[in-house]
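All of these numbers come straight from a predicted model, not from anything done at the bench. One-based numbering, in listed order, for ligands and for the atoms of each.
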Amino acid sequence: MSTGEWDAIVIGSGLGGVSAAAILAHCGQKVLLCEQSEGIGGLAHAFSRDGRTFDSAIRVLAEGEMVQGLLEWLGVQDECELTVIDHLYRADFPDMSVFAPTGLEEFMEAHIRLFPQEEEGIRAFFRLRRQMFLETAQAPMRVTDPSALGQIAELLPTLMKYRTSTLADVMNEYLRDPRLKAMCSALWPYMGAPPSQLSFFAYAQFIGVLIDGPSYCKGSFQKLVDAFVVAIERGGGTVLTGTAVEKILLQDGRAAGVRTADGEVFTAPVVISNADARQTFEELVGTEELPARFVKRLGRMKPSMSACVVYAATDQDLLAENPAHETFKYNHWDHEDTWQDVLGGRPGGMSLSVMTMLDPELGRPGEHLLIGTAVAPYQRPDGVPWHEQKDRFADALLGEFESVFPGLRKNLTFLQAGTPQTIERFTRNHQGATYGWALTPNQIGGKRLAHQSPLPGLFLSGHWTEEGPASFRVILSGMNTAREVLGHLGTGIDVPTFKPDDVPQLAL
Ligand SMILES: Cc1cc2nc3c(=O)[nH]c(=O)nc-3n(C[C@H](O)[C@H](O)[C@H](O)COP(=O)(O)OP(=O)(O)OC[C@H]3O[C@@H](n4cnc5c(N)ncnc54)[C@H](O)[C@@H]3O)c2cc1C
(Lines give C-alpha, C1' and ligand atoms only; values in the text may rest on other atoms or scores of the structure.)
Protein backbone atom coordinates (compact mmCIF):
# COMPACT_ATOMS: atom_id res chain seq x y z
CA MET A 1 0.00 0.00 0.00
CA SER A 2 1.36 3.41 -0.83
CA THR A 3 0.43 6.36 1.36
CA GLY A 4 0.68 9.97 0.33
CA GLU A 5 3.47 11.77 -1.40
CA TRP A 6 5.95 13.79 0.57
CA ASP A 7 8.79 16.18 -0.22
CA ALA A 8 10.96 14.62 2.47
CA ILE A 9 10.75 11.69 4.88
CA VAL A 10 12.81 11.76 8.06
CA ILE A 11 13.66 8.48 9.80
CA GLY A 12 14.12 9.04 13.54
CA SER A 13 13.13 11.78 15.97
CA GLY A 14 16.44 12.40 17.74
CA LEU A 15 17.36 16.11 17.91
CA GLY A 16 19.18 15.66 14.58
CA GLY A 17 15.96 14.39 13.00
CA VAL A 18 13.34 16.73 14.50
CA SER A 19 15.46 19.83 13.86
CA ALA A 20 15.95 18.97 10.16
CA ALA A 21 12.24 18.13 9.80
CA ALA A 22 11.14 21.35 11.56
CA ILE A 23 13.31 23.53 9.30
CA LEU A 24 12.06 21.83 6.13
CA ALA A 25 8.41 22.09 7.22
CA HIS A 26 8.95 25.75 8.13
CA CYS A 27 10.32 26.28 4.61
CA GLY A 28 7.13 24.92 3.07
CA GLN A 29 8.18 21.32 2.42
CA LYS A 30 5.73 18.50 3.07
CA VAL A 31 7.51 16.44 5.72
CA LEU A 32 6.78 13.04 7.23
CA LEU A 33 8.78 11.90 10.27
CA CYS A 34 8.75 8.19 11.26
CA GLU A 35 9.93 7.25 14.75
CA GLN A 36 10.19 3.58 15.72
CA SER A 37 9.71 4.20 19.43
CA GLU A 38 6.42 5.18 21.08
CA GLY A 39 8.27 8.12 22.66
CA ILE A 40 9.71 10.94 20.62
CA GLY A 41 13.19 12.47 20.89
CA GLY A 42 15.68 9.59 20.81
CA LEU A 43 18.35 10.35 23.41
CA ALA A 44 16.58 13.66 24.18
CA HIS A 45 13.43 11.80 25.23
CA ALA A 46 12.29 12.24 28.85
CA PHE A 47 10.13 9.82 30.82
CA SER A 48 7.83 10.24 33.81
CA ARG A 49 7.44 8.05 36.88
CA ASP A 50 4.85 8.86 39.55
CA GLY A 51 5.10 12.63 39.19
CA ARG A 52 8.84 12.70 38.49
CA THR A 53 10.36 13.64 35.13
CA PHE A 54 13.74 12.24 34.09
CA ASP A 55 15.78 13.15 31.03
CA SER A 56 16.84 9.79 29.66
CA ALA A 57 20.36 10.94 28.68
CA ILE A 58 21.00 14.64 28.01
CA ARG A 59 21.62 16.88 31.02
CA VAL A 60 23.27 19.92 29.46
CA LEU A 61 23.13 21.77 26.16
CA ALA A 62 25.98 23.91 24.85
CA GLU A 63 25.39 26.91 22.57
CA GLY A 64 21.96 27.68 24.01
CA GLU A 65 22.05 30.99 22.15
CA MET A 66 22.28 29.30 18.76
CA VAL A 67 19.41 26.96 19.63
CA GLN A 68 17.36 29.89 20.92
CA GLY A 69 17.98 31.69 17.60
CA LEU A 70 16.73 28.67 15.68
CA LEU A 71 13.61 28.34 17.85
CA GLU A 72 12.81 32.03 17.31
CA TRP A 73 13.25 31.68 13.56
CA LEU A 74 10.86 28.70 13.65
CA GLY A 75 8.43 30.77 15.75
CA VAL A 76 8.36 28.25 18.62
CA GLN A 77 10.51 30.05 21.18
CA ASP A 78 7.60 30.08 23.66
CA GLU A 79 7.37 26.29 23.66
CA CYS A 80 10.47 25.81 25.80
CA GLU A 81 12.65 27.82 28.14
CA LEU A 82 16.43 27.46 28.13
CA THR A 83 18.20 28.50 31.33
CA VAL A 84 21.94 29.05 31.61
CA ILE A 85 23.80 27.03 34.26
CA ASP A 86 26.26 29.26 36.12
CA HIS A 87 29.07 26.73 36.51
CA LEU A 88 30.47 23.71 34.67
CA TYR A 89 31.16 20.90 37.14
CA ARG A 90 33.05 19.68 40.16
CA ALA A 91 35.62 16.91 39.70
CA ASP A 92 36.71 14.83 42.68
CA PHE A 93 40.07 13.05 42.53
CA PRO A 94 41.61 10.79 45.22
CA ASP A 95 42.89 13.67 47.37
CA MET A 96 41.90 16.86 45.58
CA SER A 97 38.90 18.38 43.97
CA VAL A 98 38.30 21.17 41.48
CA PHE A 99 35.21 23.31 41.04
CA ALA A 100 35.10 24.39 37.39
CA PRO A 101 33.37 27.74 36.82
CA THR A 102 32.20 29.04 33.46
CA GLY A 103 34.26 31.66 31.61
CA LEU A 104 37.72 30.91 30.19
CA GLU A 105 39.62 33.18 32.62
CA GLU A 106 37.76 31.83 35.67
CA PHE A 107 38.22 28.25 34.46
CA MET A 108 41.99 28.72 34.05
CA GLU A 109 42.24 30.49 37.43
CA ALA A 110 40.54 27.55 39.17
CA HIS A 111 43.31 25.26 37.88
CA ILE A 112 46.11 27.80 38.45
CA ARG A 113 45.09 28.13 42.13
CA LEU A 114 45.76 24.39 42.57
CA PHE A 115 48.91 24.25 40.44
CA PRO A 116 50.42 27.80 40.59
CA GLN A 117 53.84 26.58 39.42
CA GLU A 118 52.28 25.61 36.07
CA GLU A 119 50.46 28.87 35.35
CA GLU A 120 52.31 29.45 32.09
CA GLY A 121 51.58 25.93 30.77
CA ILE A 122 47.92 26.12 31.81
CA ARG A 123 47.44 29.44 30.02
CA ALA A 124 49.30 28.22 26.91
CA PHE A 125 47.26 24.99 26.84
CA PHE A 126 43.90 26.73 27.06
CA ARG A 127 44.99 29.49 24.64
CA LEU A 128 45.90 26.76 22.18
CA ARG A 129 42.45 25.27 22.60
CA ARG A 130 40.98 28.71 21.82
CA GLN A 131 43.22 29.09 18.77
CA MET A 132 42.11 25.65 17.49
CA PHE A 133 38.54 26.73 17.98
CA LEU A 134 39.03 29.96 16.02
CA GLU A 135 40.99 28.36 13.19
CA THR A 136 38.38 25.62 12.86
CA ALA A 137 35.79 28.30 12.22
CA GLN A 138 37.74 29.28 9.09
CA ALA A 139 38.58 25.78 7.88
CA PRO A 140 36.86 24.00 5.01
CA MET A 141 35.01 20.82 6.02
CA ARG A 142 36.91 18.76 3.44
CA VAL A 143 40.00 19.38 1.38
CA THR A 144 39.39 17.95 -2.08
CA ASP A 145 42.34 19.62 -3.80
CA PRO A 146 45.62 18.37 -2.23
CA SER A 147 47.52 21.31 -3.75
CA ALA A 148 45.53 23.62 -1.43
CA LEU A 149 47.04 21.95 1.66
CA GLY A 150 50.15 24.16 1.68
CA GLN A 151 48.07 27.32 1.71
CA ILE A 152 45.78 25.93 4.43
CA ALA A 153 48.80 24.96 6.55
CA GLU A 154 50.01 28.56 6.37
CA LEU A 155 46.63 30.05 7.24
CA LEU A 156 45.70 27.54 9.94
CA PRO A 157 49.00 26.42 11.52
CA THR A 158 47.63 25.31 14.92
CA LEU A 159 44.82 23.33 13.41
CA MET A 160 47.10 21.61 10.93
CA LYS A 161 49.68 20.79 13.61
CA TYR A 162 47.26 19.28 16.12
CA ARG A 163 44.39 17.96 14.01
CA THR A 164 45.54 14.35 14.38
CA SER A 165 46.71 14.67 18.02
CA THR A 166 45.05 13.10 21.00
CA LEU A 167 44.25 15.16 24.07
CA ALA A 168 47.03 13.30 25.94
CA ASP A 169 49.60 14.24 23.24
CA VAL A 170 48.87 17.94 23.66
CA MET A 171 48.68 17.87 27.46
CA ASN A 172 52.08 16.14 27.52
CA GLU A 173 53.50 19.03 25.51
CA TYR A 174 52.16 21.81 27.77
CA LEU A 175 51.59 20.38 31.27
CA ARG A 176 53.94 18.53 33.63
CA ASP A 177 52.15 17.34 36.79
CA PRO A 178 50.13 14.16 35.99
CA ARG A 179 47.45 15.34 38.44
CA LEU A 180 47.05 18.62 36.56
CA LYS A 181 46.71 16.68 33.29
CA ALA A 182 44.00 14.56 34.90
CA MET A 183 42.15 17.68 36.06
CA CYS A 184 42.38 19.49 32.74
CA SER A 185 40.78 16.48 31.06
CA ALA A 186 38.16 15.73 33.74
CA LEU A 187 35.41 16.18 31.18
CA TRP A 188 36.44 13.20 29.01
CA PRO A 189 33.42 11.00 29.95
CA TYR A 190 31.28 13.60 28.11
CA MET A 191 33.11 12.46 24.97
CA GLY A 192 33.29 8.74 25.80
CA ALA A 193 37.04 8.18 25.31
CA PRO A 194 40.01 8.70 27.65
CA PRO A 195 42.62 11.40 26.85
CA SER A 196 44.98 8.84 25.24
CA GLN A 197 42.33 8.11 22.57
CA LEU A 198 40.27 11.29 22.48
CA SER A 199 40.84 13.70 19.59
CA PHE A 200 42.28 16.99 20.92
CA PHE A 201 40.33 18.68 18.18
CA ALA A 202 37.03 17.28 19.49
CA TYR A 203 37.96 18.17 23.08
CA ALA A 204 38.84 21.75 22.02
CA GLN A 205 35.46 22.11 20.32
CA PHE A 206 33.51 20.77 23.28
CA ILE A 207 35.19 22.74 26.02
CA GLY A 208 35.28 25.76 23.71
CA VAL A 209 31.51 26.09 23.74
CA LEU A 210 30.71 24.63 27.17
CA ILE A 211 33.00 27.10 28.88
CA ASP A 212 30.62 29.94 27.96
CA GLY A 213 27.95 28.31 30.10
CA PRO A 214 25.85 25.24 29.39
CA SER A 215 22.05 25.46 29.36
CA TYR A 216 19.23 23.32 30.66
CA CYS A 217 15.73 23.17 29.23
CA LYS A 218 13.11 23.76 31.93
CA GLY A 219 10.81 20.77 32.27
CA SER A 220 13.41 18.46 30.56
CA PHE A 221 14.88 18.32 27.06
CA GLN A 222 11.63 16.71 25.94
CA LYS A 223 10.26 20.28 25.80
CA LEU A 224 12.93 21.17 23.25
CA VAL A 225 12.01 18.13 21.15
CA ASP A 226 8.33 19.02 21.47
CA ALA A 227 9.03 22.59 20.31
CA PHE A 228 10.52 21.19 17.08
CA VAL A 229 7.46 18.92 16.71
CA VAL A 230 5.17 21.98 17.01
CA ALA A 231 7.16 23.59 14.17
CA ILE A 232 6.81 20.44 12.05
CA GLU A 233 3.06 20.28 12.59
CA ARG A 234 2.53 24.03 12.08
CA GLY A 235 4.36 23.64 8.77
CA GLY A 236 1.86 20.95 7.74
CA GLY A 237 4.15 18.00 8.51
CA THR A 238 3.21 14.71 10.19
CA VAL A 239 4.98 12.83 12.96
CA LEU A 240 4.29 9.11 13.34
CA THR A 241 5.49 7.31 16.47
CA GLY A 242 5.65 3.51 16.81
CA THR A 243 6.56 3.49 13.10
CA ALA A 244 9.82 1.70 12.38
CA VAL A 245 11.23 2.07 8.90
CA GLU A 246 12.40 -1.29 7.63
CA LYS A 247 13.51 -0.33 4.11
CA ILE A 248 14.65 2.79 2.28
CA LEU A 249 13.21 2.46 -1.23
CA LEU A 250 15.32 3.30 -4.26
CA GLN A 251 14.45 4.01 -7.84
CA ASP A 252 17.23 4.13 -10.44
CA GLY A 253 19.76 4.42 -7.62
CA ARG A 254 18.02 7.41 -6.01
CA ALA A 255 16.03 7.60 -2.77
CA ALA A 256 12.33 7.22 -3.50
CA GLY A 257 10.66 6.61 -0.12
CA VAL A 258 10.44 4.18 2.78
CA ARG A 259 8.61 1.01 3.75
CA THR A 260 7.65 0.61 7.38
CA ALA A 261 7.69 -2.58 9.45
CA ASP A 262 3.89 -2.66 9.02
CA GLY A 263 4.35 -2.78 5.26
CA GLU A 264 3.16 0.75 4.61
CA VAL A 265 4.96 2.61 1.80
CA PHE A 266 5.56 6.38 1.78
CA THR A 267 7.15 8.04 -1.21
CA ALA A 268 9.40 11.11 -1.42
CA PRO A 269 12.37 12.28 -3.51
CA VAL A 270 14.31 12.91 -0.28
CA VAL A 271 14.89 10.60 2.69
CA ILE A 272 16.86 11.84 5.70
CA SER A 273 18.09 9.18 8.09
CA ASN A 274 18.64 10.23 11.69
CA ALA A 275 18.94 6.54 12.59
CA ASP A 276 22.14 4.68 13.36
CA ALA A 277 24.42 4.90 10.30
CA ARG A 278 25.24 1.18 10.15
CA GLN A 279 21.54 0.31 10.33
CA THR A 280 20.80 2.91 7.64
CA PHE A 281 23.24 1.52 5.10
CA GLU A 282 23.54 -2.15 6.00
CA GLU A 283 19.88 -2.89 6.76
CA LEU A 284 17.61 -0.13 5.45
CA VAL A 285 19.47 0.38 2.15
CA GLY A 286 21.51 -2.82 1.66
CA THR A 287 25.23 -2.78 1.00
CA GLU A 288 24.73 -4.13 -2.54
CA GLU A 289 23.27 -0.73 -3.47
CA LEU A 290 26.36 1.18 -2.30
CA PRO A 291 29.85 1.80 -3.71
CA ALA A 292 32.27 -0.88 -2.39
CA ARG A 293 34.68 1.78 -1.11
CA PHE A 294 31.98 3.37 1.02
CA VAL A 295 30.92 -0.02 2.45
CA LYS A 296 34.55 -0.82 3.30
CA ARG A 297 34.98 2.56 5.00
CA LEU A 298 31.78 2.05 7.00
CA GLY A 299 33.00 -1.39 8.10
CA ARG A 300 36.23 0.15 9.45
CA MET A 301 34.54 2.83 11.54
CA LYS A 302 34.15 2.22 15.29
CA PRO A 303 31.17 3.25 17.41
CA SER A 304 31.66 5.22 20.61
CA MET A 305 31.44 3.55 24.00
CA SER A 306 28.10 3.02 25.67
CA ALA A 307 26.95 3.91 29.19
CA CYS A 308 25.04 2.77 32.24
CA VAL A 309 22.59 5.35 33.54
CA VAL A 310 20.96 5.50 36.98
CA TYR A 311 17.79 7.52 37.65
CA ALA A 312 17.12 8.14 41.33
CA ALA A 313 15.01 10.24 43.69
CA THR A 314 15.71 11.06 47.31
CA ASP A 315 14.13 13.04 50.13
CA GLN A 316 17.61 13.89 51.45
CA ASP A 317 18.43 17.60 51.49
CA LEU A 318 21.18 17.39 48.88
CA LEU A 319 21.59 21.16 48.68
CA ALA A 320 22.88 21.15 52.26
CA GLU A 321 26.10 19.67 50.82
CA ASN A 322 26.47 22.68 48.48
CA PRO A 323 26.97 20.48 45.40
CA ALA A 324 27.73 21.34 41.80
CA HIS A 325 24.95 20.44 39.43
CA GLU A 326 27.27 17.74 38.07
CA THR A 327 30.11 15.99 39.90
CA PHE A 328 32.70 13.75 38.22
CA LYS A 329 34.25 11.16 40.48
CA TYR A 330 37.68 9.61 39.88
CA ASN A 331 39.17 6.90 42.05
CA HIS A 332 42.48 7.16 40.20
CA TRP A 333 44.65 10.05 39.15
CA ASP A 334 45.48 8.27 35.92
CA HIS A 335 42.54 8.21 33.48
CA GLU A 336 44.07 5.06 31.94
CA ASP A 337 43.36 3.26 35.24
CA THR A 338 39.78 4.58 35.12
CA TRP A 339 39.52 3.30 31.54
CA GLN A 340 40.57 -0.15 32.79
CA ASP A 341 37.67 0.02 35.28
CA VAL A 342 35.33 0.88 32.40
CA LEU A 343 36.61 -2.01 30.26
CA GLY A 344 36.40 -4.31 33.28
CA GLY A 345 32.68 -3.57 33.73
CA ARG A 346 33.25 -1.58 36.96
CA PRO A 347 31.92 1.97 37.48
CA GLY A 348 34.33 4.37 35.77
CA GLY A 349 34.09 7.71 33.94
CA MET A 350 31.34 8.48 36.46
CA SER A 351 29.27 11.58 37.01
CA LEU A 352 26.21 12.46 39.08
CA SER A 353 23.85 15.35 38.30
CA VAL A 354 21.32 16.85 40.68
CA MET A 355 18.62 17.63 38.15
CA THR A 356 16.35 19.42 40.63
CA MET A 357 19.09 22.01 41.18
CA LEU A 358 18.43 23.08 37.59
CA ASP A 359 14.67 22.71 37.79
CA PRO A 360 12.96 21.89 41.14
CA GLU A 361 9.69 21.12 39.34
CA LEU A 362 11.09 17.94 37.80
CA GLY A 363 10.62 16.12 41.11
CA ARG A 364 7.87 15.69 43.62
CA PRO A 365 7.71 18.31 46.38
CA GLY A 366 10.49 17.71 48.92
CA GLU A 367 12.45 15.41 46.62
CA HIS A 368 15.62 15.71 44.58
CA LEU A 369 16.16 13.85 41.32
CA LEU A 370 19.57 12.50 40.39
CA ILE A 371 21.01 11.08 37.20
CA GLY A 372 24.22 9.08 37.47
CA THR A 373 26.17 7.90 34.44
CA ALA A 374 29.20 5.71 33.89
CA VAL A 375 30.94 5.00 30.62
CA ALA A 376 30.44 1.29 29.92
CA PRO A 377 31.27 -1.32 27.27
CA TYR A 378 28.42 -2.88 25.29
CA GLN A 379 29.26 -6.28 26.70
CA ARG A 380 30.71 -7.05 30.10
CA PRO A 381 34.12 -8.76 29.91
CA ASP A 382 32.98 -11.40 32.46
CA GLY A 383 30.21 -12.45 30.05
CA VAL A 384 27.46 -11.73 32.62
CA PRO A 385 24.54 -10.00 30.83
CA TRP A 386 24.22 -6.35 31.88
CA HIS A 387 20.60 -6.79 32.98
CA GLU A 388 21.70 -9.31 35.62
CA GLN A 389 24.28 -6.86 36.97
CA LYS A 390 22.42 -3.59 36.63
CA ASP A 391 21.08 -3.30 40.19
CA ARG A 392 24.49 -4.07 41.68
CA PHE A 393 26.13 -1.64 39.27
CA ALA A 394 23.60 1.11 40.11
CA ASP A 395 24.19 0.56 43.83
CA ALA A 396 27.98 0.69 43.36
CA LEU A 397 27.73 3.84 41.22
CA LEU A 398 25.60 5.69 43.77
CA GLY A 399 27.85 4.37 46.55
CA GLU A 400 30.78 6.20 44.91
CA PHE A 401 28.95 9.49 45.42
CA GLU A 402 28.37 8.99 49.14
CA SER A 403 31.62 10.95 49.50
CA VAL A 404 29.58 13.93 48.24
CA PHE A 405 26.19 13.01 49.73
CA PRO A 406 26.74 10.91 52.88
CA GLY A 407 24.07 8.22 53.31
CA LEU A 408 22.72 8.74 49.79
CA ARG A 409 21.66 5.12 49.20
CA LYS A 410 19.70 4.91 52.48
CA ASN A 411 17.43 7.79 51.52
CA LEU A 412 16.32 6.84 48.03
CA THR A 413 12.63 7.02 47.18
CA PHE A 414 13.04 5.83 43.58
CA LEU A 415 15.67 3.95 41.59
CA GLN A 416 15.81 2.74 38.01
CA ALA A 417 18.82 1.77 35.95
CA GLY A 418 19.57 1.52 32.25
CA THR A 419 22.36 -0.43 30.55
CA PRO A 420 24.02 -0.28 27.11
CA GLN A 421 21.30 -2.68 25.90
CA THR A 422 18.61 -0.27 27.14
CA ILE A 423 20.19 2.51 25.07
CA GLU A 424 20.39 0.22 22.06
CA ARG A 425 16.78 -0.91 22.45
CA PHE A 426 15.36 2.61 22.74
CA THR A 427 17.45 4.29 20.04
CA ARG A 428 18.69 1.41 17.84
CA ASN A 429 22.16 2.97 18.05
CA HIS A 430 24.31 -0.10 17.52
CA GLN A 431 26.15 -1.36 20.59
CA GLY A 432 24.34 1.33 22.56
CA ALA A 433 26.73 3.97 21.16
CA THR A 434 26.32 7.20 23.10
CA TYR A 435 27.98 9.60 20.65
CA GLY A 436 27.82 8.03 17.18
CA TRP A 437 31.35 7.11 16.03
CA ALA A 438 34.07 7.17 18.69
CA LEU A 439 35.74 10.59 18.91
CA THR A 440 39.22 9.41 17.97
CA PRO A 441 41.40 11.61 15.70
CA ASN A 442 40.64 9.43 12.65
CA GLN A 443 36.84 9.76 13.10
CA ILE A 444 36.17 13.45 13.54
CA GLY A 445 34.94 16.23 11.29
CA GLY A 446 35.17 15.36 7.61
CA LYS A 447 36.27 11.84 8.55
CA ARG A 448 32.77 11.13 9.85
CA LEU A 449 29.92 10.74 7.35
CA ALA A 450 28.75 13.56 5.08
CA HIS A 451 25.07 14.61 5.03
CA GLN A 452 24.73 13.63 1.39
CA SER A 453 25.13 9.86 1.18
CA PRO A 454 26.49 8.15 -1.93
CA LEU A 455 22.86 7.73 -3.08
CA PRO A 456 21.21 10.86 -4.50
CA GLY A 457 18.29 11.97 -2.35
CA LEU A 458 19.44 10.03 0.74
CA PHE A 459 20.80 12.32 3.46
CA LEU A 460 22.00 11.81 7.04
CA SER A 461 21.49 13.98 10.10
CA GLY A 462 22.70 13.36 13.65
CA HIS A 463 25.71 12.23 15.62
CA TRP A 464 27.13 9.91 12.93
CA THR A 465 27.76 12.91 10.68
CA GLU A 466 30.54 15.46 10.43
CA GLU A 467 29.30 17.83 13.16
CA GLY A 468 29.77 15.04 15.72
CA PRO A 469 27.81 14.24 18.86
CA ALA A 470 26.03 16.18 21.62
CA SER A 471 22.69 17.94 21.62
CA PHE A 472 23.68 21.24 20.03
CA ARG A 473 25.96 19.58 17.46
CA VAL A 474 23.19 17.28 16.21
CA ILE A 475 20.87 20.30 15.97
CA LEU A 476 23.63 21.96 13.92
CA SER A 477 23.71 18.77 11.85
CA GLY A 478 19.92 19.08 11.35
CA MET A 479 20.37 22.69 10.20
CA ASN A 480 23.15 21.81 7.76
CA THR A 481 21.25 18.79 6.42
CA ALA A 482 18.08 20.84 5.90
CA ARG A 483 20.14 23.47 4.07
CA GLU A 484 21.56 20.81 1.72
CA VAL A 485 18.13 19.26 1.16
CA LEU A 486 16.59 22.65 0.31
CA GLY A 487 19.37 23.07 -2.26
CA HIS A 488 18.84 19.53 -3.60
CA LEU A 489 15.11 20.20 -4.03
CA GLY A 490 15.94 23.42 -5.85
CA THR A 491 13.86 25.60 -3.53
CA GLY A 492 16.28 28.54 -3.53
CA ILE A 493 15.62 28.92 0.24
CA ASP A 494 18.51 29.28 2.67
CA VAL A 495 18.63 28.71 6.42
CA PRO A 496 20.29 31.38 8.60
CA THR A 497 23.39 30.33 10.52
CA PHE A 498 22.40 32.16 13.74
CA LYS A 499 25.84 32.26 15.38
CA PRO A 500 28.38 31.25 12.75
CA ASP A 501 31.59 32.54 14.33
CA ASP A 502 31.07 30.73 17.58
CA VAL A 503 29.95 27.41 16.21
CA PRO A 504 32.71 26.05 14.03
CA GLN A 505 32.32 22.72 12.33
CA LEU A 506 34.59 19.86 13.29
CA ALA A 507 36.35 20.36 9.97
CA LEU A 508 39.14 18.72 7.92
C1 LIG B 1 23.86 8.66 28.73
C2 LIG B 1 24.08 9.78 27.76
C3 LIG B 1 24.25 11.06 28.24
C4 LIG B 1 24.42 12.13 27.35
N5 LIG B 1 24.53 13.39 27.86
C6 LIG B 1 24.58 14.44 27.01
C7 LIG B 1 24.52 15.76 27.52
O8 LIG B 1 24.39 15.99 28.73
N9 LIG B 1 24.61 16.78 26.62
C10 LIG B 1 24.69 16.56 25.29
O11 LIG B 1 24.73 17.53 24.53
N12 LIG B 1 24.75 15.31 24.77
C13 LIG B 1 24.67 14.24 25.60
N14 LIG B 1 24.68 12.98 25.09
C15 LIG B 1 24.86 12.80 23.63
C16 LIG B 1 23.59 13.11 22.87
O17 LIG B 1 22.49 12.57 23.56
C18 LIG B 1 23.60 12.52 21.46
O19 LIG B 1 24.82 12.78 20.79
C20 LIG B 1 22.46 13.11 20.61
O21 LIG B 1 21.29 13.26 21.37
C22 LIG B 1 22.17 12.17 19.43
O23 LIG B 1 21.07 12.67 18.70
P24 LIG B 1 20.69 12.08 17.27
O25 LIG B 1 19.62 12.93 16.73
O26 LIG B 1 21.93 11.92 16.45
O27 LIG B 1 20.20 10.58 17.49
P28 LIG B 1 19.33 9.79 18.56
O29 LIG B 1 18.95 10.63 19.71
O30 LIG B 1 20.06 8.53 18.81
O31 LIG B 1 17.99 9.47 17.74
C32 LIG B 1 17.90 8.51 16.73
C33 LIG B 1 16.42 8.23 16.55
O34 LIG B 1 16.21 7.35 15.43
C35 LIG B 1 15.18 6.42 15.77
N36 LIG B 1 15.29 5.26 14.88
C37 LIG B 1 16.33 4.41 14.77
N38 LIG B 1 16.07 3.48 13.84
C39 LIG B 1 14.85 3.75 13.34
C40 LIG B 1 14.04 3.15 12.35
N41 LIG B 1 14.45 2.08 11.67
N42 LIG B 1 12.82 3.68 12.09
C43 LIG B 1 12.37 4.77 12.75
N44 LIG B 1 13.10 5.38 13.72
C45 LIG B 1 14.34 4.89 14.00
C46 LIG B 1 15.47 6.11 17.22
O47 LIG B 1 14.39 5.50 17.87
C48 LIG B 1 15.81 7.50 17.76
O49 LIG B 1 14.66 8.17 18.18
C50 LIG B 1 24.47 11.90 25.95
C51 LIG B 1 24.29 10.60 25.46
C52 LIG B 1 24.08 9.55 26.35
C53 LIG B 1 23.80 8.18 25.82
Side-chain angles (χ1 to χ4, degrees), residues 9-21 33-45 55-64 67 85 89 187 189-192 206 209-210 214-217 221 224-225 228 239-248 258-261 271-280 283-284 304-311 325-326 349 351 353 355 358 371-376 418-420 422-430 432-437 439 460-465 467-478 481:
I9 297 171
V10 180
I11 307 170
S13 68
L15 284 171
V18 281
S19 55
L33 186 147
C34 300
E35 166 56 50
Q36 56 95 18
S37 168
E38 290 301 336
I40 200 134
L43 287 165
H45 180 67
D55 286 279
S56 59
I58 301 177
R59 285 143 297 140
V60 294
L61 167 89
E63 283 296 338
V67 176
I85 308 170
Y89 57 81
L187 206 61
Y190 264 15
M191 288 158 269
F206 267 84
V209 287
L210 275 173
S215 298
Y216 184 67
C217 184
F221 281 103
L224 178 58
V225 174
F228 285 122
V239 174
L240 299 177
T241 53
T243 305
V245 168
E246 122 183 321
K247 205 76 198 157
I248 294 173
V258 301
R259 189 178 69 232
T260 70
V271 174
I272 300 173
S273 179
N274 170 234
D276 173 273
R278 282 246 160 88
Q279 185 206 160
T280 300
E283 296 170 31
L284 304 186
S304 52
M305 261 295 182
S306 193
C308 286
V309 190
V310 176
Y311 311 93
H325 84 87
E326 180 153 26
S351 72
S353 300
M355 300 309 291
L358 308 175
I371 300 181
T373 57
V375 182
T419 68
T422 320
I423 295 177
E424 187 179 53
R425 193 166 67 249
F426 279 104
T427 64
R428 298 200 184 180
N429 283 319
H430 74 279
T434 42
Y435 305 112
W437 308 114
L439 284 168
L460 304 180
S461 179
H463 60 183
W464 307 93
T465 66
E467 288 80 5
S471 42
F472 94 94
R473 286 216 160 263
V474 298
I475 293 173
L476 189 59
S477 173
T481 306

*What residues form a ring-ring contact (aromatic ring centres under 6.0 Å, His included) with Tyr435, not counting sequence neighbours?*
none
_I'd like to know if the side chain of Thr427 and the backbone of Asn429 have a donor-acceptor N/O pair within less than 3.5 Å._
yes
*Sort out the contact shell of ligand 1: every protein residue with a heavy-atom distance below 4.0 Å, listed by chain and number.*
Ile11, Gly12, Ser13, Gly14, Leu15, Gly16, Cys34, Glu35, Gln36, Gly42, Leu43, Ala57, Ile58, Arg59, Val60, Thr243, Ala244, Val245, Asn274, Ala275, Gln279, Val309, Phe426, Thr427, Arg428, Asn429, Thr434, Tyr435, Gly462, His463, Pro469, Ala470, Ser471, Val474
*Parallel under 30°, tilted from 30 to 60°, perpendicular over 60°: which one fits the rings of Tyr216 and Phe221?*
perpendicular
_Side-chain (Thr260) to main-chain (Thr243) donor-acceptor, under 3.5 angstrom_ = no
*Mark yes or no for whether Ser13, through its side chain, and Gly41, through its backbone, hold a donor-acceptor pair below 3.5 Å.*
yes
_Main chain of Gly16, side chain of Ser461: is a donor-acceptor contact present, judged purely on distance under 3.5 Å?_
yes
